[in-house]
Amino acid sequence: MKYNFKEIEPKWQTRWEKAKIFNAPDVSDKPKFYGLVEFPYPSGAGMHVGHIKAYSGLEIISRARRMQGYNVLFPIGFDAFGLPAENYAIKTNQHPRVTTDHNIHHFSEQLKSVGFSFDWDRVIDTTDEDYYKWTQWIFLKLFEKGLAYRDKTFVNYCPSCKVVLSNEDSQGGKCDLCGSDVVLKEKEVWYLRITEYADKLLEGLEQVDFPENVRAQEENWIGKSKGAFVNFTIDGAGETLRIYTTRPDTLFGVTFMVMAPEHPLIDKYADKIGNFEAVKAYREECAKKSEFERVNLVKDKTGVRLEGLAAVNPVNGKKIPIFIADYVMMGYGTGAIMAVPGHDQRDYDFAKAFNIDIIEVIKGGDMAVEAYTGDGEMVNSGFLDGLTNKKDSIERMLGFLEEKGIGEAGVQYKMKDWAFNRQRYWGEPIPIIHCPHCGMVGVPYEELPLRLPEVENFKPGEDGESPLAKIDSFVNCTCPKCGGPAKRETDTMPQWAGSSWYFLRYIDPKNDEALADMDKLKYWMPVDWYNGGMEHVTRHMIYSRFWHHFLYDIGAVNTFEPYAKRTTQGLILGSDGTKMSKSRGNVVDPMDVVNAYGADTLRTYVLFMGDYGASSPWSETSVRGCKRFLDRVARLADNLSEETEPTLEAKLHKTIKKVTSDLEEMKFNTAIAAMMALMNDFEAAPKVGKAQFIDFIKLLCPFAPHLTEEIWEMLGGEGFLSTSSWPVYDEKKTIENTVEISVQVNGKPRDVLMIAVDADEAAASEAGLALPKIAKMTEGKRIVKTIYRPGKILNFVVK
RNA sequence: GCGGCUGUGGCGGAAUUGGCAGACGCGCAGGAUUUAGGUUCCUGUGGCAUAACCGUGUGGGUUCAAAUCCCACCAGCCGCACCA
């Protein structure tokens, strides 16, 4: 067969689309399979090879599942709100709606040209008002339940993008959008109370099939710790300074306290602090430091003592000094700590720098050298003295604190509430009205969607104000409660809003009554298999699981966890082994590969290049290797026999077994290798049976669907190969009668032996000893032991 | 510091329930076809002083047998991080 991919690829793409063979019916007798891939942001640059790899994994699984008799939902859509579209609009003076529509069209054409088997009747676009109506609906529900609130605190602000960022979007102190250093800025913004769901997010991880690194990373991000809150009194002020500690057992070792520079109590006692000017100066210095600088000065502890104030250690009544220092963060715990220099290295460093007493309360270390954080016998600790078990000491102390009413057990999370806002145009408007009489009032449900108004200028204000604030006709409104004049919220939602529930909308994309019909949800949910990138673990995965838990609580969905199984794909690196980037000039355009070698080659190559979960470098010559393989398949299709070739039967059935099981583990590289090996066997065999070859092209179909459809048609197959049945292996046929086993002497392989798989030890030994090499090596020696594993090895232990 | 992971030919990578290390592919070498280049096909390809011996980051150990299991290191990657 002439393999003209330029002709056959569009031919089959058109036929598939016309016949709608990849569309999933909502009613079916077949078992369902919901395969999900992370929908793309439709950038103007078009697809990246990374998209191809990310989608190819579940593309293969979904195609195989269809052939295995499943009703498969494999949808695609576009996550199209976001800053790049808006920045592009500002630059080119086009409405983001126009560029977004254009980009979505372009992306769709590209996706189709690769032959992905998406259900194109269920495409969603997060910027479509019929879609974001429901994103706003979910926000209103959160608001109703008190889970969406406004608060004036220190926020992560990107001076370059002029937006407030969530903690998740400013990891490492860098803006996730542009890479600039974020600064802390005091501002009133919207938050979602994700911390309320921290425990559920942890519990849910027990019910799902996530890879260990993903689970660990989520747990780490949530960062639950168990400890205690303890109230220290401030001498003479009648005020308590509340702290959080994970080591209440070390309370007797407390020699000072530290508050975060931003701690509100400082201003309250401004007149009592003798050196308030110095304190103020230190605070200002800290405020100027970027997150990056704060982190990189780990070793140097700085701070200022609050003169005139002292705290009282509640366990022994000792007066201790209070400091402010930037090694204590306002955002964790209570923003104040009890310092135990003997058993915490940071406190130790601070104590050394400020000449503060260090008390040993746990034996085992050397206080002259460093803090001791291990276990040991309690000393200098009153009623805890003599205890050797940390757990006992903590329990005893907690009992004491609770009895005296000076503290109690508590938990803390590293995760903070989700800063849920952007001061930008191209996002979902937050459906809230600010009324001078009624306070914050939700836009009535029947008025949703609250549409984005037309604006002249998409640029954000200099002080981080949304462009929507400049549109009087949008801002000024009447309060739905009292009918008086009121103003609309002008912030929009962050990028992650639309993607936090999109998988639900695929199930019922046109529904006008609900985000999705409950019967349909019950049929399709949960997502059976979700593949995506590691970069979304501490953002999209956490956010969407939170929203889903919430929707479950209000009865809008039927499952607690949205995703039953999660897998991740590795990056495709440039041919130089570094991350693909325009500046390095090592970017590969997938469309160039489609044009030069065909979509089937591209699909096969991205899965053959290495472990699906690991990163591997691009290799143009290896792409050609995959093309050669497909060429050989096309050629062999012309030379088939009507008769089955018996010597190929075991190889074929083994390959069916191997490919079938490899797909389940996403071991695509070895599945392709097995098919290549079978092709080698086919070519070496005297003939290849047509039926045998058909089984082979069925295995290959998910990887190279265009070529295999063409061969199927040529061989007279009925209908589409893509909807035919997956080959079934016969276990009996996978076993070869005669196998080659290794014959060893003292564990070293010396020769090989062809022998029946079911030969017994006596027969095997006899045959093994008859081999000239083995006979020579065992001659004149005593065989102490013979180890025989049928079908594997024969080993003679000699002396 | 905490958490997750990885070290195998010239390269990407197989083999991880202990059982012929290097499947499959790339590259390379030789040959065939071709006016030539490319394509395609065939053969070979871990090292080496080649019947032996040595080889899976290093050093020990268990075993008839170790890339695989155990102990101690070394190197590198990813995520979080002054988290109290």
Side-chain angles (χ1 to χ4, degrees), chain A residues 171-173 211-221 223-225 227 243-247 250 258 260 294-301 325-329 331-340 343-347 349-350 373 412-416 534-535 537-538 570-571 573 575 577 604-605 608-611 613-626 628-629 631-632 635 667 669-680 683 740-753 773 776 784-789 791-798:
Chain A
Q171 296 181 27
E212 190 49 40
N213 56 343
V214 171
R215 178 197 313 276
Q217 209 167 303
E218 284 202 29
E219 277 176 3
N220 229 296
W221 185 258
K224 183 174 185 170
S225 89
I243 61 94
Y244 175 75
T245 178
T246 53
R247 297 297 302 270
T250 60
V258 186
R294 259 174 106 148
V295 168
N296 279 275
L297 295 169
V298 174
K299 289 278 176 278
D300 306 323
K301 292 282 179 289
D326 67 355
Y327 83 92
V328 173
M329 306 289 153
Y332 185 78
T334 62
I337 61 156
M338 62 177 216
V340 186
H343 306 282
D344 181 292
Q345 193 57 41
R346 293 154 301 172
D347 297 345
D349 294 340
F350 192 88
T373 53
Q412 277 294 306
Y413 303 93
K414 285 190 207 172
M415 184 173 67
K416 303 195 182 81
M534 277 310 286
E535 70 275 18
V537 172
T538 53
L571 295 175
L573 305 172
S575 51
T604 305
Y605 174 65
F608 181 63
M609 61 197 300
D611 182 339
S615 301
S616 19
W618 185 267
S619 161
E620 179 85 13
T621 50
S622 292
V623 175
R624 283 203 279 270
C626 290
R628 272 200 281 273
F629 166 60
D631 284 339
R632 286 160 60 204
R635 212 175 307 134
K667 290 164 81 173
N669 55 338
T670 51
I672 293 167
M675 289 188 282
M676 287 173 167
L678 184 63
M679 261 307 292
N680 292 344
E683 286 176 338
E740 191 184 81
I741 65 167
S742 166
V743 183
Q744 311 178 344
V745 177
N746 288 339
K748 292 201 181 203
R750 296 298 178 185
D751 205 348
V752 291
L753 177 67
K773 278 188 198 168
K776 203 175 164 192
V784 190
K785 204 173 170 187
T786 303
I787 294 136
Y788 175 57
R789 298 279 177 271
K792 288 184 177 166
I793 59 114
L794 174 64
N795 184 17
F796 298 107
V797 183
V798 299

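Each chain gets a letter, A, B and so on, in the order its sequence line appears, and its residues count up from 1. It should be emphasised that the depicted structure is a prediction, and the values quoted were computed from it without experimental measurement.
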C80(B) OP1/OP2 closer than 4.0 Å to side-chain N/O of Gln171(A): yes
Whole angstrom value for the distance that separates P of C26(B) from CG of Asn680(A): 10 Å
Pair Gln345(A), Asp349(A): side-chain N/O donor-acceptor within cut-off below 3.5 Å: yes
Ring geometry between Phe350(A) and Tyr327(A) (parallel below 30°, tilted from 30 to 60°, perpendicular above 60°): tilted
Contact under 4.0 Å: Asn669(A) side-chain N or O vs A14(B) OP1/OP2: yes
Met676(A) CE to G13(B) C1', straight-line distance once rounded to whole Å: 12 Å
B/S/- contact track for nucleotides 3-9 of chain B, protein heavy atom under 4.0 Å: SS-----
A84(B) phosphate, OP1 or OP2, under 4.0 Å from Tyr332(A) side-chain N/O: yes
N or O in side chain of Arg628(A) less than 4.0 angstrom from C26(B) OP1/OP2: yes
Sugar-phosphate only, base, or nothing, as touched by Lys773(A) at under 4.0 Å among non-hydrogen atoms: nothing
Whole-Å gap separating P (C2(B)) and CZ (Arg215(A)): 22 Å
Distance in angstrom units between Asp300(A) CG and C82(B) P, rounded: 15 Å
Arg624(A) side chain near U39(B) phosphate (N/O to OP1/OP2, under 4.0 Å): no
Residue whose closest nucleotide on RNA chain B lies nearer the 5' end, Gly625(A) versus Gly747(A): Gly625(A)
Rounded distance in Å - CD (Gln345(A)) to P (C83(B)): 12 Å
No-H, no-angle donor-acceptor pair, Lys301(A) side chain to C82(B) base, under 3.5 Å: yes
Residue whose closest nucleotide on RNA chain B lies nearer the 5' end, Ser622(A) versus Thr246(A): Ser622(A)
Any Lys748(A) side-chain N or O less than 4.0 Å from OP1/OP2 of G19(B): no
Lys667(A) side chain near A23(B) phosphate (N/O to OP1/OP2, under 4.0 Å): no
Base C20(B) paired with Glu740(A) side chain (donor-acceptor, <3.5 Å): yes
Phosphate OP1/OP2 of A65(B): any Arg750(A) side-chain N/O under 4.0 Å: no
Spacing of the C1' atoms in U58(B) and C11(B) (rounded, Å): 24 Å
Whole-Å gap separating C1' (G25(B)) and CE (Met609(A)): 12 Å
For RNA chain B, stems built from three or more consecutive Watson-Crick or G-U wobble pairs below 3.5 Å: B:1-7 with B:74-80, B:10-12 with B:24-26, B:27-32 with B:40-45, B:57-61 with B:69-73
Chi-angle category of G38(B) [syn within 90° of 0, anti beyond]: anti
